[in-house]
Amino acid sequence: MGLADQVNSYIDQKAPWALVKEDPAAAEKVCTTGLNALYILAVYLQPILPIFTQKITQFLNVSIQSWEDHLQVFADSKNYAKFLREDAW
């Protein structure tokens, strides 16, 4: 869970909820990093927490087929927006 702790600290330090007012592009990068970390954690945790990871993949509208799936990244909002389900908001 070290990755989760590091990403949580990163997002807390960058404060995208405040950053978006000054620099929307930078806030987008912070949020994209958070989404990528969430997906990577889901890939790693899938064998031991399948129900939890199923909820994550449903939210992101992606699937996990193999360990190599952790290489899939959401580059920016235009890229990851296609993965998000409309009803997830």
Side-chain angles (χ1 to χ4, degrees):
M1 296 312 297
L3 175 61
D5 291 339
Q6 289 177 346
V7 173
N8 188 41
S9 293
Y10 168 78
I11 291 173
D12 190 49
Q13 289 172 1
K14 296 293 182 179
W17 51 89
L19 186 59
V20 72
K21 297 172 188 170
E22 301 167 11
D23 190 350
E28 181 179 308
K29 288 180 183 180
V30 174
C31 292
T32 301
T33 299
L35 285 173
N36 282 316
L38 178 63
Y39 182 72
I40 291 168
L41 285 167
V43 172
Y44 292 159
L45 294 173
Q46 199 272 336
I48 56 174
L49 296 171
I51 295 172
F52 175 70
T53 56
Q54 180 183 19
K55 291 177 182 181
I56 292 171
T57 57
Q58 285 175 342
F59 174 75
L60 295 175
N61 198 23
V62 296
S63 63
I64 298 172
Q65 303 298 322
S66 70
W67 288 107
E68 286 78 30
D69 287 347
H70 79 281
L71 299 173
Q72 175 181 330
V73 295
F74 311 118
D76 55 40
S77 63
K78 293 172 190 70
N79 188 22
Y80 70 74
K82 68 182 178 184
F83 295 99
L84 295 177
R85 296 187 345 245
E86 290 180 19
D87 64 343
W89 300 88

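Predicted model, so just to flag it, every value in this text is computed and none were measured.
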| field | Nearest heavy-atom neighbours spanning Pro16 and Ala27 | value | O-CB, 3.8 Å
With rounding to the nearest 0.5 angstrom, report the [atom1] to [atom2] distance, [X] to [Y].
X     : Y     : atom1 : atom2 : result
Thr57 : Leu38 : OG1   : CG    : 10.0 Å
Leu35 : Ile40 : CG    : CD1   : 11.0 Å
Thr53 : Gln58 : OG1   : CD    : 10.0 Å

| message | I'd like to know if Trp17 and Leu19 are part of one continuous hydrophobic network [Ile/Leu/Val/Met/Phe/Trp/Tyr, side-chain heavy atoms within less than 4.5 Å]. | response | yes
Please tabulate, one pair per line, all N/O donor-acceptor pairs under 3.5 Å involving side-chain atoms of residues 7-14, not counting sequence neighbours.
from, atom 1, to, atom 2, distance (Å)
Ser9, OG, Asp5, O, 3.2

